[in-house]
2 protein chains.
Amino acid sequence: MRPREFDHDDVLRIAFDQFWRKGVRGTSLSDIARDAGVQRGSLYNAFGSKEALFLQAYERYAGDYLVALQKALGAGSLRKRLTAFFDLTITNFRSGSPPRGCPTTRGLMELGAAEGEGLDEEARQAFANLVSRITALVQETLAAGAARGEFNGNAAAAALHIITVTRGLAVLERAFGDEPQLRKIAAHTIDLVLGKKGG
Amino acid sequence: MRPREFDHDDVLRIAFDQFWRKGVRGTSLSDIARDAGVQRGSLYNAFGSKEALFLQAYERYAGDYLVALQKALGAGSLRKRLTAFFDLTITNFRSGSPPRGCPTTRGLMELGAAEGEGLDEEARQAFANLVSRITALVQETLAAGAARGEFNGNAAAAALHIITVTRGLAVLERAFGDEPQLRKIAAHTIDLVLGKKGG
DNA sequence: AAATATATTTGACACGGTGTCAAGAATTTG
DNA sequence: CAAATTCTTGACACCGTGTCAAATATATTT
């Protein structure tokens, strides 16, 4: 068998970077091939389709992201944990180098707009999975906080509420790109869930 | 001058319907032309581009939607108003006939995923505008409620929170398509903003 | 009423993107 | 060294957006 002339993971990293910065729709396999110094056909041979390539890149991203969130949610008081969680989320929206103007182009990555990005069922699923896992993480954190008396309420409902706000922030970021505003909303959400700062 | 062989508004309605059901990306001008019994080139002549056609369709939608929201926000107790507001929002996510499976395909319309939909700055702006105007509507409602003693807190912050949840719900709808869950989250949000049901 | 001006329609075309395929090239294995 | 296998390469088909010139239909002017 003939050996591959490129590194599978390198391509995945290069592709992810472009998807992240320019959106899935805005990135062609020709772009990725050029950047990776690979023939377009070779990518089709190795990955099958643009969507398959995207899914692999996305899974890697999702894994890394979950680890980072877990870390953010694992230190200090419940309020500190949630603050770190929102901080990381918002920072994540704006990481990478935005190609044009203020609002960055994150395509499906933060919005799960699979169809809009020309992707299909599987991509939607992948996003839904990530959201579910993040929700579970937040819920565990709230439950632990409740055990320590830092929170009393329905952990499941509160986690769902928080994740919803998170997704809403992603939309607002795209529409307005106003980071300070996003942090205010996040702080307000924490206050609502945990009770005003005093409590 | 030669008169047009089609009705401008008819085309707008047909186009909007397709954009709504299949997403902007998933709808080609050939589709619209076929449905409208018009030549594709005539659409380009009349509207300039797919994006321009979309923008006109979107403006019309935004106007109608705002009127409906205003109506929903204008009757009964503050809690009732907010409930009606969320109800309309969620119903709106799921109106139209979904083409495949459970999650409907609303593209930019509810998410503002302009780039993902192959659209540009202007579409993002149009969406941002709609969100701003809805936020203003909610804020006014909250302020009025505060004047009647039905709410005490920062109306601006609360409105921003509510709109964020709303946008988050749109994302969740696409990812999971689980309507009952969405209504629970909405109810929970109202409780958080207004205080538990008793209050 | 005929000629002209003007706007719309129509079909051909260019371009770029995804995806397929057969033929060529490079290794590993027999 | 030959065979089998996998990767690479370039050509091709297909679809979508957008452009353009030529043809067409109406309003206006004379």
Side-chain angles (χ1 to χ4, degrees), chain A residues 1-12 14-16 18-19 21-58 99 105 107-108 113-123, chain B residues 1-12 14-16 18-19 21-58 99 105 107-108 113-123:
Chain A
M1 334 158 198
R2 179 174 178 175
R4 221 161 246 162
E5 292 179 6
F6 61 89
D7 185 72
H8 194 269
D9 276 19
D10 280 354
V11 169
L12 230 48
I14 290 170
F16 176 78
Q18 301 220 10
F19 285 146
R21 292 197 338 259
K22 304 185 296 179
V24 177
R25 177 89 209 296
T27 304
S28 74
L29 281 201
S30 306
D31 292 341
I32 297 170
R34 194 182 329 103
D35 244 52
V38 174
Q39 211 67 12
R40 200 169 56 88
S42 296
L43 294 182
Y44 277 100
N45 178 57
F47 297 97
S49 69
K50 182 179 179 177
E51 171 153 24
L53 170 55
F54 168 76
L55 283 172
Q56 289 198 28
Y58 188 71
T105 310
L108 169 134
E115 291 99 351
E117 282 282 39
L119 300 173
D120 230 2
E121 189 55 23
E122 251 174 315
Chain B
M1 336 160 195
R2 180 174 179 176
R4 221 161 245 161
E5 291 179 5
F6 62 89
D7 184 72
H8 194 270
D9 277 18
D10 281 353
V11 169
L12 231 46
I14 290 171
F16 177 78
Q18 301 220 11
F19 286 146
R21 290 195 341 258
K22 305 184 298 181
V24 177
R25 175 90 209 296
T27 303
S28 73
L29 281 200
S30 305
D31 293 340
I32 297 170
R34 193 181 331 104
D35 244 52
V38 174
Q39 211 69 13
R40 199 170 56 88
S42 296
L43 295 182
Y44 278 100
N45 177 58
F47 297 97
S49 69
K50 183 179 179 177
E51 171 153 24
L53 171 55
F54 168 77
L55 283 172
Q56 290 197 28
Y58 188 70
T105 308
L108 170 134
E115 290 99 350
E117 283 282 39
L119 302 173
D120 229 3
E121 189 56 22
E122 251 173 316

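So you know, we letter chains A, B, ... as the sequences are listed, proteins then strands, and number each from 1. Note that the coordinates shown come from a computational prediction; the quantities given were computed from them, not determined experimentally.
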Looking only at heavy atoms, what is the nearest atom pair of [X] and [Y], with distance?
X      : Y      : value
B:A33  : B:Q39  : CB-C, 4.1 Å
B:V24  : B:F19  : CA-CD2, 3.7 Å
B:L108 : B:A123 : CD1-CB, 4.0 Å

Notebook entry, point to check: Within the distance-only criterion (no hydrogens, no angle test), does the side chain of B:D31 pair as donor or acceptor with the backbone N or O of B:S28 below 3.5 angstrom?
Noted result: yes
Validation: residues 51-58 of chain A side-chain donor-acceptor distances under 3.5 Å, sequence neighbours left out:
| from | atom 1 | to | atom 2 | distance (Å) |
| --- | --- | --- | --- | --- |
| A:E51 | OE2 | A:D120 | N | 3.1 |

Whole angstrom value for the distance that separates [atom2] of [N] from [atom1] of [X]:
X     : N      : atom1 : atom2 : value
A:F47 : C:dT18 : CZ    : C1'   : 16 Å
A:K50 : C:dT20 : NZ    : C1'   : 17 Å
B:E51 : D:dG18 : CD    : C1'   : 13 Å
A:Y44 : C:dG17 : OH    : P     : 11 Å
B:F54 : D:dG16 : CZ    : P     : 19 Å
B:L43 : C:dA7  : CG    : P     : 19 Å

Margin query: Are the side chains of A:L12 and A:F47 in contact, using a 4.5 Å heavy-atom criterion?
Written below: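 Contact flag for A:F47/A:L12 side chains = yes.
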Notebook entry, point to check: Of all of residues 31-41 of chain B, which get a heavy atom below 4.0 angstrom from DNA chain C, listed by number?
Noted result: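 Those residues are B:Q39, B:G41.
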Note to self: side chain to side chain contact (heavy atoms under 4.5 Å, CB included) for B:K50 and B:I32? Distances and angles first, verdict last.
What the structure shows: CA-CA 10 Å; B:K50 183 179 179 177; B:I32 297 170; over 6 Å; no
Check: At what distance, to the nearest 0.5 angstrom, does CG of B:D9 lie from CD1 of B:I14?
Finding: 11.0 Å
Taking only N/O atoms, report every protein-nucleotides 3-7 of chain D pair under 3.5 Å with atom names and distance.
| from | atom 1 | to | atom 2 | distance (Å) |
| --- | --- | --- | --- | --- |
| D:dT5 | O2 | A:M1 | N | 3.4 |
| D:dT6 | O2 | A:R2 | N | 3.3 |
| D:dC7 | OP1 | A:R4 | NH2 | 3.1 |
| D:dC7 | O2 | A:R2 | NH1 | 3.0 |

